[in-house]
Amino acid sequence: MRVLVTGGAGFIGSHVVGALRQRGHEAVVFDVREDSACDVRDPRAVRGALAGVDAVCHQAAMVGLGDGVADAAAYVSRNDLGTAVLLAAMAEAGVGRLVLAGSMVVYGEGRYVCPRQGAVRPGPRGVADLEAGRFEPSCPECGRDLSPGPVGEDAPADPRNVYAATKLAQEHLAAAWARCTGGSAVSLRYHNVYGPGMPRDTPYAGVASFFRSALARGEAPRVFEDGRQRRDFVHVRDVAAANAVALEAPSAPGLLTAYNTGSGEPHTVGELARALAAACGGPEPSVTGEFRLGDVRHITADSSRLRRELGWRPEVDFAMGMAEFARAGMRGA
């Protein structure tokens, strides 16, 4: 299969390219990092790149929470306009298979259960609560403490920052393309991806990158809130394998299917910081109590659908991945 990989020179994209080539596919890289003319927002460049292509793996995106709404136009341009241009060109070229780099951020907060109300969906956390160190969401009905749990693909979308809104819009665009063309689309809703080649020292890097970069400078990782935020940290090689599996699997024409893509092993941000510090032989993490208003408290994946329907299994566990990541090379901005 000849696969166009947008963002194929980036952190996740480069691993996807490697995974596809290992499985005998021809992966074609389309990335502004390698060629400034390879802008997914440029219809002419995209049309040229699609020549002879059987499928598209769309990894190109501007990532991270961003700065409130100050950079909203940049996110919408790179993520949503770029996706729209790509899909229009695919329709014109008759390319009918898409795998999209989705994100767990479309859910907002994860799944919570109240002892009295049952499953509930807390609203956005307020500044006053966060400044007072009240980080855990409470039940919107009775105010009781909530128990977090894994979120499934059937959970309603509730994007809580600009980046999240653009990732949800990408899915809507892909779904519309599938309905209009009879093509098939898969969105792999990545959880917190980490691993070799992760970018360092950029405003949009993930928390694992921030911690690793601090340790490389001999500094203590700075952990926001109280460090008890739950996340699902999934290794980049496992994510790359999920992309390859999704491209090879039988497809459902006219539909977009979403799959959570996580390790299935929830860990706290504090655990991540301590594991990396120990593996790097660096200073103990510093828990700061600081916060970012766009962050959610807990979000972990139920990835059983991806395992059940496509046969994907993560192979890198948390301890193994952290030990490798502590030694692995990183890339600049």
Side-chain angles (χ1 to χ4, degrees), residues 1 3-8 10-27 54-59 61 63 96-107 110-111 149-155 167 170-171 174-175 178 183-198 206 208 231-253 255-267 299-322 324-325:
M1 189 187 316
V3 183
L4 181 68
V5 183
T6 69
F11 166 45
I12 298 175
S14 61
H15 284 272
V16 171
V17 168
L20 289 172
R21 289 174 176 167
Q22 284 180 354
R23 297 166 80 105
H25 301 292
E26 182 184 359
D54 302 300
V56 173
C57 191
H58 185 31
Q59 305 292 317
V63 301
R97 194 171 184 88
L98 172 72
V99 173
L100 171 69
S103 176
M104 54 82 184
V105 295
V106 300
Y107 298 119
R111 182 177 182 272
V151 62
E153 291 90 350
D154 58 350
K167 296 306 290 183
Q170 283 185 310
E171 289 194 357
S184 67
V186 167
S187 177
L188 297 176
R189 291 176 175 170
Y190 302 160
H191 280 246
N192 293 70
V193 186
Y194 73 96
M198 197 172 190
R231 297 290 188 269
D232 186 321
F233 300 101
V234 58
H235 196 278
V236 66
R237 285 198 300 274
D238 287 331
V239 168
N243 277 271
V245 166
L247 283 163
E248 293 168 349
S251 58
L255 296 174
L256 178 137
T257 307
Y259 293 102
N260 288 335
T261 309
S263 71
E265 298 180 24
H267 290 274
I299 176 67
T300 59
D302 177 356
S303 300
S304 59
R305 182 181 187 183
L306 181 57
R307 291 162 169 77
R308 182 177 65 253
E309 295 186 5
L310 301 190
W312 171 83
R313 296 287 186 278
E315 296 182 354
V316 184
D317 67 22
F318 184 75
M320 181 193 311
M322 289 298 119
E324 180 198 36
F325 184 48

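For reference, positions follow the sequence shown, starting with 1.
The structure places CG of Asn192 at 8.5 Å from OG of Ser103, a figure rounded to the nearest 0.5 Å. Note that the CD atom of Glu153 and the CG atom of Leu306 stand 8.0 Å from one another [nearest 0.5 Å]. Separation of atoms CD (Gln59) and CG (Leu4) is listed at 11.0 Å; rounding is to 0.5 Å. Here the NE2 atom belonging to His267 is positioned 5.0 Å from the CZ atom belonging to Phe318, to the nearest 0.5 angstrom.
Scanning both residues, Ser251 and Arg97, for their nearest heavy atoms gives CB-NH1, 2.8 Å. When every heavy atom of Leu310 is checked against every heavy atom of Ala249, the shortest pair comes out as CD2-CB, 3.5 Å. For Ala246 against Val186, the heavy-atom pair with the smallest separation is CB-CG1, 4.1 Å. Considering every non-hydrogen atom in both Arg189 and Val106, the closest pair reads NE-CG2, 3.8 Å. The two residues Ser187 and Gly102 have their closest heavy-atom pair at OG-CA, 3.5 Å. The minimum heavy-atom distance between Cys57 and Leu247, with the atom names listed, is CB-CD1, 4.3 Å.
Judged by distance alone, the side chain of Thr261 and the main-chain N or O of Tyr259 form a donor-acceptor pair under 3.5 Å. In this structure a side-chain-to-backbone donor-acceptor pair under 3.5 Å is missing from Thr300 to Arg231. In this structure a side-chain-to-backbone donor-acceptor pair under 3.5 Å is present from Asp238 to Val316. At distances below 3.5 Å, at least one donor-acceptor pair connects side-chain atoms of Arg21 with backbone N or O atoms of Ala27. Not a single donor-acceptor pair under 3.5 Å links the side chain of His235 to the backbone N or O of Pro314. A distance-only check finds a donor-acceptor pair linking the side chain of Ser303 to the backbone of Gly262 [under 3.5 Å]. Under a 3.5 Å cut-off, the side chain of Asn260 and the backbone N or O of Val151 do form a donor-acceptor pair.
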Worksheet item: Could you go step by step and tell me if Lys167 and Tyr190 meet the side-chain contact (heavy atoms from CB on, under 4.5 Å) rule?
Response: CA-CA 11 Å; Lys167 296 306 290 183; Tyr190 302 160; over 6 Å; no
Item to complete: List the steps, then state whether side-chain contact (heavy atoms from CB on, under 4.5 Å) holds for His15 with Val239.
Response: CA-CA 8 Å; His15 284 272; Val239 168; over 6 Å; no
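Shown here are the salt bridge (Lys or Arg N to Asp or Glu O under 4.0 Å) partners of Arg305, two or more places apart in sequence or in another chain: Glu309. The salt bridge (Lys or Arg N to Asp or Glu O under 4.0 Å) search around Glu26 returns Arg2, not counting sequence neighbours.
Within the structure, salt bridge (Lys or Arg N to Asp or Glu O under 4.0 Å) pairs that include any residue of residues 243-253 comprise Arg23-Glu248 (at least two apart or interchain).
No side-chain heavy atom of Val63 sits less than 4.5 Å from a side-chain heavy atom of Phe11. Considering only heavy atoms from C-beta on, Glu324 comes within 4.5 Å of Arg237 through its side chain. Here the side chains of Met320 and Glu315 are not in contact, with every heavy-atom distance at 4.5 Å or above. For the pair Val236 and Phe325, the minimum side-chain heavy-atom distance is 4.5 Å or more.
Residues His191 and Phe233 keep their aromatic ring centres 6.0 Å or farther apart.
No more than 12 heavy atoms of other residues, nucleotides or ligands lie within 6.0 Å of CZ in Arg111, so this atom counts as exposed by the packing criterion.
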